Amino acid sequence: MFPLNGGCHMKFLLTALCCMVVLLSVWIKRARKSEGELKKPIVHLLWLAIFTVIAQGVFFICDSNITATVAIGFYYAGIDWLLIVMLSYVEAYTRIFRGSRAAKTVVYGLAVLDSLNFILNIFIGHIFVVSQHVYKDGYAGWSVSRATPSFTFHLVFTYTLVAFCAMALAVKAVKTPAFYRRKYLIVLILFLTVVLLNGICKLAKSPYDISVFLYCMLGIQISHYSLFYKPKGLIDSTLALVVADINDAVFCFDLWGKCVYTNKMVEEYFGRDTRVDIVNSVFEEKIREYSRGEQESIQYKVQLETDGKLRFFNVSYHKLIDKKQCYIGCFFTLRDRTEEIEKFKEEHHRVTHDKLTGLFNREYFFDAVEKLMAVNPDVKYTMVCSNIKGFKLYNELFGEKMGDEVLKMEAELLERDAVEGTVYGRISGDEFAILVPTKLFRAEKFIKNINQMKEHFNNSQYQMHIYVGVYEIDDRAESVSVMCDKAKLAIESHRGDYNAVVTYYDKKLLEKSLYERKIVGEFDRALEQGEFCMFLQPQIASDGRLLGAEALVRWQHPERGLVFPGDFIGVFEKTGLIYRLDRYMWELAADKLREWKEQGREDLYISVNISAKDFYYIDLYSELTNLTEKYGIAPKNLKLEITETVLMTEMQNQTELLERLRRYGFQIEIDDFGSGYSSLNMLKNIDVDVVKIDMGFLDKTERVERGTSILNSIILLIKNLGMGVITEGVETKEQVDSLMGMGCHMFQGYYFDKPMPIEVFEEKYR
């Protein structure tokens with residue numbers, strides 16, 4: 001070690017070099033954790049910087065000529081490779097000089113040649129020599145004499161590399177947008193400063209090469225700006241552009257609640273002129289409330305009218321906090337949900353409302369009724385249901401389009417007269433329902449609307465009849481469906497009474513409904529166990545001879561005893577079970593005729609009833625013909641009674657069927673002629689064998705003489721048409737004598753006998 005007079009300077013220099021090595025090591029560790037294509041050249045650059053620093057330090061402190069020669073040689077070679085790595089970094093950093101493989105080969109070759117030249121110099125000293133030298137400041141150290149052509153090659157090579165690096169950085173700095181220019185300019189300036197100071201040191205022949213420190217600083221700055229630097233201006237501008245272009249309206253407020261920023265969506269939603277009003281009305285109170293709270297973000301919903309349109313917004317409040325956790329302001333974002341909510345409302349309306357009338361559909365009406373009654377527990381309500389008689393017929397006559405017009409008009413009238421606190425809807429095809437506070441219910445309104453509809457739609461082909469059932473709710477716990485059923489029960493009670501427009505539900509109707517449901521539920525069991533039995537009412541000739549009997553059903557119920565047909569026939573007709581009961585009775589009658597035939601009484605017949613539903617639910621022809629074949633009886637002994645009502649409504653459809661049955665051998669009787677809507681036109685158009693006249697025909701008028709005259713004429717007319725006549729409902733001898741005088745010689749009625757069990761009938765008339 002030389003006794004250095006400038007020891008203080010030397011110690012400072014060595015300390016600085018050691019700090020540089022440590023600092024470069026730290027940055028190498030950081031750089032190796034980064035990602036990207038710049039990572040590799042930067043790590044190499046930092047390692048070479050350490051190499052040159054160490055080489056320079058050894059040169060300063062060594063006391064051997066050979067050591068100084070080796071150290072400074074490695075230093076110069078390290079500068080070559082440092083600049084080559086620098087050029088690789090610049091190539092990746094600036095995207096300039098990329099793809100020149102031949103040029104890279106030449107550069108690497110020259111660097112290897114220059115490095116070998118410096119190694120060879122250790123032995124032959126052909127480039128430079130190292131000698132002791134005392135400088136003006138008193139520092140005694142090693143100095144390098146370099147004047148050979150080989151060293152000139154080194155200088156030209158290194159400064160050429162410097163020129164390429166500087167040129168690439170300069171070109172990139174000029175062409176790059178201002179956002180990124182700084183990162184290139186800083187690297188360029190540092191690089192040129194290093195080169196400049198290196199040149200100054202060489203020209204001044206100073207023992208202190210300050211450029212070594214700048215090489216280290218250059219490596220650190222390159223690492224920072226290439227791997228970790230994020231330009232604040234770019235981030236701020238990017239965020240500003242993103243916020244400006246997002247679909248949410250953004251309001252930013254300072255510490256004092258002043259609006260300092262809004263994006264363009266605010267103007268789109270609220271317009272230029274309304275912004276201040278919106279800020280004052282919507283955010284002032286919220287800022288005061290939320291700024292004092294601890295929550296940093298809050299969401300809520302708000303409705304605002306903008307440009308005459310009501311908009312729905314989801315609002316998010318965000319508190320702005322600095323690094324010291326002090327409140328510095330806030331911002332609100334408003335997301336427009338108007339379109340989404342409107343679509344939801346449309347879908348909800350579609351699901352909950354009737355498409356044709358716009359009223360609540362059945363499910364939503366029930367739900368709305370439950371909610372209304374739940375929030376008004378002290379209000380007494382009335383359920384009102386309406387129904388159009390024969391609406392299906394109206395559709396068939398005039399088409400569904402006209403039928404829709406009827407329903408829409410009824411819905412409009414219902415909406416027009418609905419009072420506050422009511423719920424109304426269309427609960428099925430032509431049925432409407434309304435829940436109204438009992439104290440506000442006015443039957444006159446409904447009657448008025450019904451009359452208005454009748455005036456509008458009545459014509460020569462169709463007379464409209466609308467029924468209204470009213471149920472004053474006395475049990476709020478029952479389901480809405482049951483409430484409607486009770487109102488509809490009231491409607492059912494006045495079917496056919498055209499003058500009874502509005503009818504009220506009472507418990508008798510419920511009892512009747514429950515009874516009907518009960519007997520319907522018992523039907524299958526009764527049929528299976530033979531509880532339905534056949535009674536016979538004799539039909540007698542004028543000479544007292546038994547001709548046959550009419551089969552009448554009775555229900556021998558295990559609990560209620562003998563049940564008469566008036567208590568169940570209508571129910572079975574309404575529910576469609578009648579065809580099964582009829583078929584059962586036909587079987588009993590056919591079996592009894594077989595038994596009589598075996599006893600030699602083939603002269604007797606049994607008349608059975610044919611219901612209207614039988615024409616639709618079963619194949620009448622097959623059923624009846626199969627019965628006669630199964631039991632081996634003559635078809636004429638199983639007479640078929642069909643009411644005049646069935647014939648009038650189904651005559652056009654069933655005439656051919658009745659003719660087929662007559663051709664097979666069955667005799668057809670018109671039952672209850674004169675009790676319904678008798679038509680002489682029917683007698684003209686249909687061939688039957690017997691007409692049964694109901695003596696009730698005379699009971700329906702006070703002008704008995706005129707009725708008797710008409711009855712006489714009808715009997716004469718029937719006989720002239722070649723049909724037989726039976727008079728039923730005969731109760732006195734006077735009636736028998738009178739009817740015989742009119743030419744009627746077959747009778748049925750209480751005067752002769754009531755309907756009786758088969759055993760009693762057979763014992764009496766055997």
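In this text, all values refer to a predicted model and were calculated from it rather than measured experimentally.
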Run Tyr505 and Thr382 through side chain to side chain contact (heavy atoms under 4.5 Å, CB included) and show every step you take.
CA-CA 11 Å; Tyr505 167 86; Thr382 293; over 6 Å; no
Residue pair Glu587, Lys630: steps toward the salt bridge (Lys or Arg N to Asp or Glu O under 4.0 Å) verdict:
CA-CA 10 Å; Glu587 187 97 21; Lys630 176 181 177 181; 2.6 Å; yes
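- Taking every heavy atom of both residues into account, Leu359 and Gly425 meet most closely at CB-CA, 3.9 Å.
- Within the 4.5 Å cutoff, side-chain heavy atoms of Asp430 are placed close to those of Asn387.
- Between Asp567 and Arg560, the closest side-chain pair of non-hydrogen atoms is not below 4.5 Å.
- Judged by distance alone, the side chains of Tyr467 and Glu492 never bring a donor and an acceptor atom under 3.5 Å apart.
- Heavy-atom contacts from other residues, nucleotides or ligands closer than 6.0 Å to CZ of Arg517 number 12 or fewer.
- The side-chain heavy atoms of Tyr617 and Ile578, taken from C-beta on, include no pair separated by under 4.5 Å.
- Under 3.5 Å, the side chains of Gln537 and Glu550 contain no donor-acceptor pair of N or O atoms.
- Put simply, the side chain of Leu552 reaches to within 4.5 Å of the side chain of Arg554, judged on heavy atoms.
- Summarising the geometry, atom CD belonging to Glu728 is positioned 4.0 Å from atom NZ belonging to Lys692; distances are rounded to the nearest 0.5 Å.
- Summarising the geometry of Met483 relative to Glu478, their closest heavy-atom pair is CE-O, 3.4 Å, with the distance given to 0.1 Å.
- For the pair Val608 and Ala589, the tightest heavy-atom approach, listed with the atom from each and the gap, is CG1-CB, 3.6 Å.
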Give the C-alpha distance, both sets of side-chain angles, the deciding distance and a yes or no for salt bridge (Lys or Arg N to Asp or Glu O under 4.0 Å) between Lys343 and Glu340.
CA-CA 5 Å; Lys343 286 183 178 179; Glu340 175 188 343; over 6 Å; no
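- Using a distance-only test at 3.5 Å, with no hydrogens or angles considered, a donor-acceptor pair links the side chain of Lys719 to the main chain of Gly743.
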Given Glu412 and Arg416, is the side chain to side chain contact (heavy atoms under 4.5 Å, CB included) satisfied, shown in steps?
CA-CA 6 Å; Glu412 289 169 4; Arg416 184 193 68 185; over 6 Å; no
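- Here NE2 of His348 is found 13.5 Å from CD1 of Ile341. Values are rounded to the nearest 0.5 Å.
- The CG atom of Leu638 sits 9.0 Å away from the CH2 atom of Trp586 when rounded to the nearest 0.5 Å.
- Between the side chain of Asp614 and the backbone N or O of Ser611 there is at least one donor-acceptor pair closer than 3.5 Å.
- Counting only heavy atoms from C-beta outward, the side chains of Lys439 and Lys380 never approach each other to under 4.5 Å.
- Proximity of a side-chain donor or acceptor of Asp367 to a complementary backbone N or O of Glu363 within less than 3.5 Å is not detected.
- Closest of all the heavy-atom pairs between Ile466 and Ile450 is O-CD1, 3.7 Å.
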Trace of the side chain to side chain contact (heavy atoms under 4.5 Å, CB included) decision for Phe572 with Arg580:
CA-CA 9 Å; Phe572 294 157; Arg580 294 175 60 192; over 6 Å; no
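- Distance alone, capped at 3.5 Å, is enough to place a donor-acceptor pair between the Thr338 side chain and the Phe312 backbone.
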Starting from the C-alpha separation in whole Å, work towards a yes-or-no answer on side chain to side chain contact (heavy atoms under 4.5 Å, CB included) for Val688 and Ile642.
CA-CA 10 Å; Val688 297; Ile642 304 171; over 6 Å; no
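- Using cut-offs of 30° and 60° on the angle between ring planes, the pair Trp555 and Phe568 is perpendicular.
- Counting heavy atoms from C-beta on, the side chains of Tyr605 and Lys636 never come closer than 4.5 Å.
- Taking both residues in full, the closest heavy atoms of Ala551 and Asn609 are given as O-ND2, 3.7 Å, listed atom of the first, atom of the second, then distance.
- Enclosure of atom OH in Tyr515 by more than 12 non-hydrogen atoms of other residues, nucleotides or ligands within 6.0 angstrom is indicated.
- Judged by distance alone, with hydrogens and angles left aside, the side-chain atoms of Arg350 form no donor-acceptor pair with the main-chain N or O of His353 at under 3.5 Å.
- With a 6.0 Å radius and a threshold of 12 heavy atoms from other residues, nucleotides or ligands, Gln529 has its CD atom above the threshold.
- The aromatic ring centres of Phe360 and Phe366 sit 6.0 Å or more apart.
- Of the possible polar contacts, one joining the Thr438 side chain to the Tyr381 backbone as a donor-acceptor pair under 3.5 Å is found.
- To the nearest 0.5 Å, the span separating CD1 on Ile693 from CD on Gln748 amounts to 13.0 Å.
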Using the salt bridge (Lys or Arg N to Asp or Glu O under 4.0 Å) rule, take Arg525 and Glu528 through it: C-alpha gap first, then chi angles, then the decisive distance, then the call.
CA-CA 5 Å; Arg525 185 213 67 218; Glu528 195 173 304; over 6 Å; no
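- Side-chain N or O atoms of Asp689 include none that pairs as donor or acceptor with a backbone N or O of Gly724 at under 3.5 Å.
- Glu342 has no carboxylate O lying under 4.0 Å from a charged side-chain N of Lys345, or vice versa, which leaves the two without a salt bridge.
- Using modelled atom types, no side-chain atom of Tyr424 and backbone atom of Leu414 make a donor-acceptor pair closer than 3.5 Å.
- Side-chain contact between Cys385 and Lys486: absent, with no pair of heavy atoms (C-beta onward) separated by less than 4.5 Å.
- Annotation: side chain of Leu435 is in contact with side chain of Met373 (closest heavy-atom distance under 4.5 Å).
- Aromatic rings of Tyr621 and Phe666 (six-membered ring for Trp) have centroids beyond the 6.0 Å cut-off, not under it.
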Take Phe432 and Phe365, measure what ring pair (Phe, Tyr, Trp, His ring centres under 6.0 Å) needs, and give me the verdict at the end.
CA-CA 10 Å; Phe432 293 82; Phe365 171 77; over 10 Å; no
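- Between the CZ atom in Phe398 and the CZ atom in Phe457 there is a gap of 10.5 Å [rounded to 0.5 Å].
- Scanning both residues, Ala549 and Leu536, for their nearest heavy atoms gives CB-CB, 3.9 Å.
- Geometrically, Lys613 does not engage Tyr616 in a cation-pi contact, judged by NZ or CZ lying under 6.0 Å from the ring centre and within 45° of the ring axis.
- Rounded to the nearest 0.5 angstrom, Asp582 CG and Leu577 CG are separated by 11.0 Å.
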